[in-house]
Amino acid sequence: MSEQMEMKELTGKLIRFLENSPTCFHAVEQMAARLREAGFEELREENSWKLKEGGSYYVIRNLSSLIAFRIPKGQWNGFQMMASHSDSPSFKLKENPEMEAEQHYVKLNVEKYGGMLCAPWFDRPLSIAGRLVIRDGERLISRLVNVDRDLVLIPSLAIHMNRQVNEGYAYNAQKDMLPIYGGKEAAGTLMKTIAQAAEVHPEDILGHDLFLYNRVKGTIWGAEEEFFSCGRIDDLQCAFSSLEGFLAAEHPAAVTVHAVLDNEEVGSSTKQGADSTFLEDILWRINEAMGGGREDYLRRLAGSFLVSADNAHGVHPNYGDKADPTNRPWVNGGIVIKYNANQKYSTDAVSAAIFKTICQKAQVPFQTFANRSDMAGGSTLGNIANCHVSVNTVDIGLPQLAMHSPYETAGVKDTWYLVKAAEAFFQTALVSEGRGNYRMF
Ligand code: ZN
């Protein structure tokens with residue numbers, strides 16, 4: 001198959017993954033299924049672990065974060081990790097979500113999760129998905145749910161009723177963003193609809209984390225079919241590429257780790273986010289289960305490396321002035337290495353040099369990103385994870401447009417580049433000699 005065909009096929013696979021991942025819970029479930037298929041064994045944090053050389057395992061926390069790892073045969077010096085995030089900005093259903101409106105509609109009370117572009121949520125079919133907790137006798141059972149049909153919609157106000165709208169509008173989440181669920185006859189039926197989709201009784205639902213999601217299908221487009229658009233590209237494009245590369249790298253020299261963490265969009269400080277002990281707990285337990293003590297753990301951390309993979313802004317064709325004058329990544333131009341003097345991105349001279357060497361080994365292009373010096377940028381998970389697991393880290397991502405829209409755009413080539421780079425990273429022996437010196441082979 002030609003490289004171009006391979007890239008398109010991979011993008012098709014990514015789009016299916018995105019469409020089947022309406023929420024972080026579904027993304028984690030899909031990755032777990034893929035890992036099981038590849039022979040990985042699920043570990044529970046509640047149990048005692050017996051790990052084997054050459055073993056492949058994964059752990060899930062809160063159904064929304066996942067850490068998979070492979071233990072090599074023989075000696076190993078550290079952890080080679082790639083981390084991305086499972087969540088995306090959306091609207092979360094509040095408790096008692098139904099609201100009667102104008103005596104003729106039922107609308108839903110929702111609140112913002114993360115910082116989204118509001119405008120593109122209007123006038124398109126949406127639905128509801130997430131996690132339920134169900135009573136089952138003495139047990140409480142978590143169950144994923146997706147109402148897999150066009151269910152709700154947020155209609156715009158007509159131009160005639162706000163002639164100034166195209167001159168700029170400040171969206172009010174409590175007024176403008178509430179979706180219509182049905183006519184007045186629909187009152188009292190929302191939880192029944194949700195329960196039916198989950199095949200449970202509505203009275204057994206004791207808890208829910210439910211989000212709106214965009215129903216518009218993903219598509220590959222452009223003169224040469226070089227672009228694709230879909231929901232949740234940030235950051236499931238990186239999560240997908242990390243997993244593909246991780247699975248393809250069959251004989252690693254280190255313990256390789258594929259981590260996908262929740263709650264990046266709201267600052268990561270939850271029990272399953274990058275600011276939790278999740279990653280640290282798993283690394284510590286691997287070290288201990290393989291017979292390592294505290295000194296072995298610290299020695300291994302000193303020889304470890306983290307690729308923090310979260311999507312980056314490509315230069316927008318209509319807003320070239322918003323990008324830095326000399327670091328201008330473009331869609332399909334390759335993996336973006338992100339820099340920030342104040343260390344919102346953890347990249348430094350050493351970690352950049354290591355990552356560039358990986359890209360060269362994989363024969364994939366890389367480019368660089370920095371914010372304009374007069375603009376504050378976003379943040380990501382690398383520097384937050386570093387406060388718990390202090391290892392040499394590079395921040396990277398794939399270039400995209402319309403970040404935090406419910407329909408984002410990225411490049412068909414770039415996913416392929418990151419899969420190749422991830423595979424090369426997980427397969428490269430990276431030996432730290434101290435004082436910032438490394439041997440790579
Ligand atoms: Zn992101």
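Just follow the structure's listing: the first ligand is 1, and inside any ligand the first atom is 1.
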**OP:** In sequence, state the C-alpha distance, the side-chain angles, and the governing distance for Y345 and Y339, and then conclude on ring pair (Phe, Tyr, Trp, His ring centres under 6.0 Å).
**Re:** CA-CA 6 Å; Y345 302 130; Y339 293 80; 9.1 Å; no
Subject >> Shortest-distance N/O/S atom, D310 versus the Zn ion (ligand 1) >> reply: OD1
**OP:** For a side chain to side chain contact (heavy atoms under 4.5 Å, CB included) with L108, tell me which candidate from M99, M177, E98 qualifies.
**Re:** E98
Subject >> Validation row: L261, S268 side chains within 4.5 angstrom (heavy atoms) >> reply: no
**OP:** Dump the intermediate steps for side-chain hydrogen bond (donor to acceptor under 3.5 Å, both in side chains) on D262 and H85, then the final yes or no.
**Re:** CA-CA 6 Å; D262 191 9; H85 67 88; over 6 Å; no
**OP:** Specify which N/O/S atom of D234 comes nearest to the Zn ion (ligand 1), by atom name.
**Re:** OD1
Original post:
With a cut-off of 2.8 Å, does H85 place any N/O/S atom under that distance from the Zn ion (ligand 1)?
Top reply: yes
